[in-house]
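Keep in mind it's a predicted model, so treat the numbers as computed, not measured. FYI, side chains are in, hydrogens and waters are out, and symmetry mates aren't considered; it's all heavy atoms of this structure.
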Amino acid sequence: MDSSTTAGLWDRLTGIQTAPEQWLVIATGLVALAAVGPRPLWRVSRNAVTIAHEGGHGLLALLTGRRLDGIRLHSDTSGVTVSRGRPTGLGMVLTAAAGYTAPSLLGLGGAVLLSAHRITLLLWAATALLVAMLVMIRNAYGALTVVLTGGTFVLVSWLAPAEVQAVFAYAAVWFLLLGGVRPVFELQVKRRRGGAPDSDADQLGRLTGVHPVVWLLLFHVVALCSLIGGGRWLLAL
């Protein structure tokens, strides 16, 4: 089939691909776990989680009618998303709550697509989201990080064999599911030590009058439930 035609591209996008064997699915999960575990690797791989985190803030800001001014990603794996609109209200609450939940929910959505054998759709959707985010990046390091991440997805989705695409897609989804858990525990430790007074949980506490610990608990629930549910879909359990 000629994938250069519109019909060919649509068929490729909506087609069903073969999932990797079970042992490869487990192997990709172990690789993702290795990227999330040791601190030296985590300091590098966490950049991808920060992209999802800040992207979540930006997406909800737009969906709730706020004006998104820009996103900045920093070399210490922190980031900031600036939006304009009412300083209080549901839109601001949803925007603030979207950061720590975004990686896990994206991973969960990816697991749903992979369980339906929509590997190409997943890769192209991820690429589209990264391109959309690149438009809103306002610093050089952030642009470089998003370009490298998006470029990897483009190269894999267009040039790699189907088997490599499948392995890459499963590894990426596992990484989001696992990588969404660790930042919440890191935030919990920082708050216990008196750090991160302006964290998302603390901002939500000030916005809603609900104690930040409750919001932190919500982040934990979303991350762990997404990991359990997404893992079951990926493993076809």
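Without hydrogens or angle criteria, Thr64 side chain to Ala61 main chain gives a donor-acceptor distance under 3.5 Å. Side chain of Gln188 to main chain of Leu216: no donor-acceptor pair is present (N/O by atom type, distance under 3.5 Å, no hydrogens or angles). Put simply, the side chain of Trp174 gets close to the backbone of Val25: a donor and an acceptor are under 3.5 Å apart. One N or O on the side chain of Gln17 and one on the backbone of Thr120 form a donor-acceptor pair closer than 3.5 Å. A donor-acceptor pair under 3.5 Å is absent between the side-chain atoms of Glu54 and the main chain of Ile71, judged by distance alone. In this structure a side-chain-to-backbone donor-acceptor pair under 3.5 Å is missing from Ser78 to His74. No donor-acceptor pair closer than 3.5 Å links the side chain of Arg191 to the backbone N or O of Pro197. The main-chain N or O of Gly79 is never found under 3.5 Å from a side-chain atom of Thr50 such that the two would form a donor-acceptor pair. Under a 3.5 Å cut-off, the side chain of Ser157 and the backbone N or O of Trp124 do not form any donor-acceptor pair. Side-chain N or O atoms of Arg72 include one that pairs as donor or acceptor with a backbone N or O of Arg138 at under 3.5 Å.
In this structure, the separation between OG1 on Thr145 and CD1 on Ile137 is 8.0 Å, given to the nearest 0.5 Å. Here the CE atom belonging to Met133 is positioned 9.5 Å from the OG1 atom belonging to Thr149, to the nearest 0.5 angstrom. Remark: Trp233 CH2 to Leu108 CG distance equals 5.0 Å, nearest 0.5 Å. Here the straight-line distance linking atom CH2 of Trp158 with atom CD of Gln165 works out to 10.0 Å at 0.5 Å rounding. Atom-to-atom distance recorded for Ile16:CD1 and Leu121:CG is 11.0 Å, nearest 0.5 angstrom. To the nearest 0.5 Å, atoms CZ (Arg46) and OG1 (Thr77) are separated by 4.5 Å.
The two residues Ala52 and Leu176 have their closest heavy-atom pair at CB-CD2, 4.3 Å. In this structure, Tyr141 and Leu73 approach most closely via the heavy-atom pair CD2-O, 3.4 Å. In terms of heavy atoms, Gly180 sits closest to Ser104 at CA-OG, 3.5 Å. Minimum heavy-atom separation, Leu114 to Ala169: CD1-O, 3.8 Å. The two atoms that bring Gly110 and Leu122 nearest to each other are CA-CD1, 3.8 Å, heavy atoms only. Annotation for Ala196 and Leu187: closest pair CB-CD1, 4.0 Å, computed over non-hydrogen atoms.
Contact check for Leu177 versus Ser226: side-chain heavy atoms found under the 4.5 Å cut-off. Put simply, the side chain of Asp69 does not reach to within 4.5 Å of the side chain of Ser83, judged on heavy atoms. Under the 4.5 Å side-chain criterion, counting only non-hydrogen atoms from C-beta, Leu204 is not in contact with Met92. Between Phe153 and Leu129, the closest side-chain pair of non-hydrogen atoms is not below 4.5 Å. Side-chain contact check for Phe168 versus Thr28: every heavy-atom pair is 4.5 Å or farther apart.
Note: the hydrophobic cluster containing Leu106 does not contain Leu227 (ILVMFWY, side chain heavy atoms under 4.5 Å, direct or indirect links). Leu62 and Met136 fall within the same hydrophobic cluster, where Ile, Leu, Val, Met, Phe, Trp and Tyr residues are linked whenever their side-chain heavy atoms come under 4.5 Å apart, directly or through other members. Cluster membership for Val210 and Val184, using ILVMFWY side-chain heavy atoms within less than 4.5 angstrom, is shared. Linking ILVMFWY side-chain heavy atoms closer than 4.5 Å, directly or via other members, places Leu24 and Leu237 in two distinct hydrophobic clusters. In this structure, Ile51 is a member of the same hydrophobic cluster as Val154, with clusters built from ILVMFWY side-chain heavy atoms closer than 4.5 Å.
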Steps toward side-chain contact (heavy atoms from CB on, under 4.5 Å) verdict (Thr18, His117) | CA-CA 6 Å; Thr18 303; His117 306 291; over 6 Å; no
Could you walk me through whether Trp215 and Thr208 pass side-chain contact (heavy atoms from CB on, under 4.5 Å), step by step?
-> CA-CA 10 Å; Trp215 289 105; Thr208 63; 3.2 Å; yes
Report the C-alpha separation of Ile26 and Leu235 in whole Å, then their side-chain angles, then the decisive distance to 0.1 Å, and conclude whether the side-chain contact (heavy atoms from CB on, under 4.5 Å) test is met.
-> CA-CA 8 Å; Ile26 296 173; Leu235 296 170; 3.9 Å; yes
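Side chains of His57 and Asp200: a donor on one and an acceptor on the other come within 3.5 Å. With no hydrogens or angles considered, a side-chain donor-acceptor pair links Trp42 and Glu186 at under 3.5 Å.
Below 30°, between 30° and 60°, or above 60°: for Tyr100 and Phe219 the angle between ring planes is below 30°, a parallel geometry.
Checked for salt-bridge contact, Asp76 and Arg43 miss the test: no charged N lies under 4.0 Å from a carboxylate O.
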